Undergrad: 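Mind looking over this structure? Questions follow.
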Amino acid sequence: MNPAQWIKSPELLVFQHSTDNRLALIHRLTKQMQCLDQHDAALWTAWDRHLLNAGERGEVWNWLAVNGFVIKGGRHAPVPEMAIDSRTLEIKDHWVKWYAESPDLFVLFNSRSMRRNNPLLVLGPYGSLCWRGVLAGWSVGRIRAEAQRVFGNDEVLPFLQRLITLEFLLPISGIEGICFPAEKIIKEFHAPEIQFQLSHAATPWYCLWEICTTCNLRCRTCYLPNFTDQGPDLQTALNIAKQIIDAGIFYVSIMGGEPLLHQDLEKVIEMLRTNGVFVKLISNGQNLTQGRARALVSAGLNQIEISFDGLSARTHELSRGAGTYIRALQAIDHARESKISRIGVIWTIHTGNLDELERLPYFLCELGVQECYLSIFKKIGCRGASAPFEPIDAKKVNLIYRHIDIWKESYPKLTIVLIPGCSCGRTSIVIGSNGDVRLCPFQYQALGNINHDSLFNIWRSLKLYASENMAYTQALCSETTRFKGWPQW
């Protein structure tokens, strides 16, 4: 096949080595992989087809062609000019975050306060070309022509319209009334699929911050090793918040212990939100008065999740103690009355409460809550290790997935998610109450301390450690991991 006729396949994951300019190309459908040295990686990025089979490495490009990494394109019809082609595109505001895993794999996140899930897009080669054009200040016409050159097809405008709709880009006049034909080329990938393919993201997507371990309850599901650390003082907490911002993290879950017991919580939230980080709070709800809920709103909190250990007073209080169920329900009422943007339930499932599963959508509708995140109980921690119930097995996990699939049809307004398999060290990191940085909430070994080194430096240093120790964290979470069988880079 003549290399001058080749176009890139849009069905590729393209990862860049952390220390040099090599690339790994993985075909999403066949799972085949080819590594490109620095010379071939430069040719791939520049995409000068006349040079692709030159020199000693021509067999690599022939292999890519035989295995569908590059495909034959027809004669390139000229891109028809449109009135908007001279326009350039602008990123909407500081709520838009992004980073590049490679020139062909960008990750975008919109951290604006929204009542539904905030968009996190993993752009494939085609979508990444469009975003690179935006960052480079290219005109719409130049992006269209480049997409036609590299992929043999111009579907730029409908994709730009999607980015405008999701508030990644400012609107441009003239695009609204265009009727686009059916799109044929994939431009973005399902984020969890990529999350579990990454052995270690260039930038962490997500941070769990255990802002204290002190707690007003002693839940039988708790994984914490102690309840004694009151967490950082205000200045230290703000320094940690700055580290989260500087590391480029998209969103953070502040938890405990019980985070409402930290006296400077609202000041920390305010700093994170001012700098465009999405902030979620996970609380047992016992101290969430209406006044406290209003203070959280004033600080800019995006989302609150109230923890449940059962969907009835009986099962919830078996773990959390008498009176805790009604106070958790009242916390949701206070959050709603105070207009916290997003309110959810996080339910820890085990052998002692699984029989309530079928009731879940009714429970959420009764509460007036549209989001629920299901967490599989792990028998670990100073309380959880001796709990009177057990983690559920793989068959029960599959049962939950089947229910979720049914609920998507029956209750389309509800978002019910089984927290997926292990992202620890891949796309997420944990900051402990004393500043220790860990791979996983259920793993207590410190890999660095944010008070002594920057979070970004610690994250970069974890690449080798994360790969070598992934077996441990995956073993804790493997029952919920659906994405398997990928070659490792």
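Just so it is clear, the model here is predicted, and its values are computed rather than measured. Keep in mind that the numbers below use all heavy atoms, side chains included, and drop hydrogens, waters and symmetry copies.
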Undergrad: So, using side chain to side chain donor-acceptor pair (under 3.5 Å) as the criterion, who are the partners of K242 when residues are at least two apart?
TA: D246

Undergrad: C365: what forms a side-chain contact (heavy atoms from CB on, under 4.5 Å) with it, not counting sequence neighbours?
TA: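 Partners of C365 under the side-chain contact (heavy atoms from CB on, under 4.5 Å) test: Y411, L414.
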
Undergrad: With a 3.5 Å cut-off and no angle check, do the side chains of R273 and N302 form a donor-acceptor pair?
TA: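 Distance-only check passes for R273 and N302.
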
Undergrad: If you measure from the Lys or Arg side-chain nitrogens to the Asp or Glu carboxylate oxygens, is any gap between D405 and R402 under 4.0 Å?
TA: no

Undergrad: Do Y325 side-chain atoms and L311 backbone N/O form a donor-acceptor pair below 3.5 Å?
TA: yes

Undergrad: Ignoring hydrogens and geometry beyond distance, is a side-chain donor-acceptor pair present between T289 and R294 at under 3.5 Å?
TA: no

Undergrad: Between T45 and A42, is there a donor-acceptor pair closer than 3.5 Å when you use the side chain of the first and the backbone of the second?
TA: no

Undergrad: Is it the case that the side chains of Q230 and Q263 hold a donor-acceptor pair, with the cut-off being a distance below 3.5 Å and no angle test?
TA: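 Side-chain D/A pair, Q263 to Q230: absent.
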
Undergrad: When rounded to the nearest 0.5 angstrom, what distance separates CH2 in W459 from CD1 in I429?
TA: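 Reported value, rounded in 0.5 Å steps: 5.0 Å.
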
Undergrad: Please tell me if the side chains of I245 and V277 come closer than 4.5 Å, counting only heavy atoms from C-beta onward.
TA: yes

Undergrad: Considering only NZ, NE, NH1 and NH2 on the basic side and carboxylate oxygens on the acidic side, decide whether E366 and R359 come within less than 4.0 Å.
TA: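 Between R359 and E366 there is a salt bridge, with a charged N closer than 4.0 Å to a carboxylate O.
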
Undergrad: Do you know the tightest heavy-atom contact between W209 and A241?
TA: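 Shortest heavy-atom separation between W209 and A241 comes out as CH2-N, 4.1 Å.
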
Undergrad: Scan side-chain atoms only and decide if D436 and N449 contain a donor-acceptor pair under the 3.5 Å cut-off.
TA: yes

Undergrad: Which pair of non-hydrogen atoms, one from N21 and one from A41, has the smallest distance, and what is that distance?
TA: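 Shortest heavy-atom separation between N21 and A41 comes out as O-CB, 3.2 Å.
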
Undergrad: When H262 is tested against each of L234, I211, T214 for side chain to side chain contact (heavy atoms under 4.5 Å, CB included), which residue passes?
TA: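 Between H262 and the candidates, side chain to side chain contact (heavy atoms under 4.5 Å, CB included) is satisfied uniquely by I211.
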
Undergrad: Could you name each residue pair satisfying salt bridge (charged side-chain N to carboxylate O under 4.0 Å, His left out) that touches residues 446-457, not counting sequence neighbours?
TA: none

Undergrad: For W205, give me all partners under side chain to side chain donor-acceptor pair (under 3.5 Å), at least two apart in sequence or on another chain.
TA: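 With sequence neighbours excluded, W205 shows a side chain to side chain donor-acceptor pair (under 3.5 Å) to Y99, given in chain and number order.
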
Undergrad: How long is the gap from NZ on K413 to CG on L364, to the nearest 0.5 Å?
TA: 14.5 Å

Undergrad: Is it true that R28 and E193 make a salt bridge, defined as a side-chain N closer than 4.0 Å to a carboxylate O?
TA: yes

Undergrad: Mind checking what makes side-chain contact (heavy atoms from CB on, under 4.5 Å) contact with A100, not counting sequence neighbours?
TA: F106

Undergrad: Report the distance from atom OG of S428 to atom CD1 of I249, rounding to the nearest 0.5 Å.
TA: 9.5 Å

Undergrad: Any chance the side chains of D104 and S128 put a donor and an acceptor closer than 3.5 Å?
TA: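 No.
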
Undergrad: Under the side chain to side chain contact (heavy atoms under 4.5 Å, CB included) test against I392, which residue among L399, V397, N353, L357 passes?
TA: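 Running side chain to side chain contact (heavy atoms under 4.5 Å, CB included) over L399, V397, N353, L357 with I392 returns exactly one hit, V397.
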
Undergrad: Can you tell me how far apart CD1 (I175) and OG1 (T165) are? Round to the nearest 0.5 Å.
TA: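 Between atom CD1 of I175 and atom OG1 of T165 there are 8.5 Å.
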
Undergrad: Under the salt bridge (charged side-chain N to carboxylate O under 4.0 Å, His left out) rule, what pairs show up with a residue in residues 209-222, not counting sequence neighbours?
TA: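 Of all non-adjacent pairs touching residues 209-222, those that pass salt bridge (charged side-chain N to carboxylate O under 4.0 Å, His left out) are E210-R438.
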
Undergrad: Under the ring pair (Phe, Tyr, Trp, His ring centres under 6.0 Å) test, which residues partner Y223, sequence neighbours left out?
TA: F442

Undergrad: Write out all pairs satisfying salt bridge (charged side-chain N to carboxylate O under 4.0 Å, His left out) with one or both partners inside residues 299-325, taking only residues at least two apart or from two chains.
TA: K280-E305, D309-R320

Undergrad: Taking ring pair (Phe, Tyr, Trp, His ring centres under 6.0 Å) as the definition, give me every residue that meets it alongside Y373, ordered by chain and number, with sequence neighbours left out.
TA: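 Residues passing ring pair (Phe, Tyr, Trp, His ring centres under 6.0 Å) with Y373: none at all.
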
Undergrad: So, using side-chain contact (heavy atoms from CB on, under 4.5 Å) as the criterion, who are the partners of A328 when residues are at least two apart?
TA: Q286, I306, F308, H316

Undergrad: Table please: side-chain donor-acceptor pairs of residues 253-261 below 3.5 Å, with sequence neighbours left out.
TA:
from : atom 1 : to   : atom 2 : distance (Å)
S253 : OG     : Y206 : OH     : 2.9
E258 : OE1    : S283 : OG     : 3.3
E258 : OE1    : N284 : N      : 2.8
E258 : OE1    : N284 : ND2    : 3.2
E258 : OE2    : L260 : N      : 3.0
E258 : OE2    : S283 : OG     : 2.9

Undergrad: Output yes when a side-chain donor or acceptor of E101 lies under 3.5 Å from a complementary backbone atom of A202, and no otherwise.
TA: yes

Undergrad: Answer whether the closest heavy-atom distance between the side chains of W407 and P361 falls below 4.5 Å.
TA: yes

Undergrad: Among residues at least two apart in sequence or on other chains, which ones pass side-chain contact (heavy atoms from CB on, under 4.5 Å) with E409?
TA: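 Expected list: none.
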
Undergrad: When the aromatic ring centroids of F278 and F250 are compared, is their separation below 6.0 Å?
TA: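 Ring centres of F250 and F278 not closer than 6.0 Å.
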
Undergrad: Which distance, rounded to the nearest 0.5 Å, do you find between the CG of L25 and the CE of M33?
TA: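 With rounding to 0.5 Å, CG (L25) is 10.0 Å from CE (M33).
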
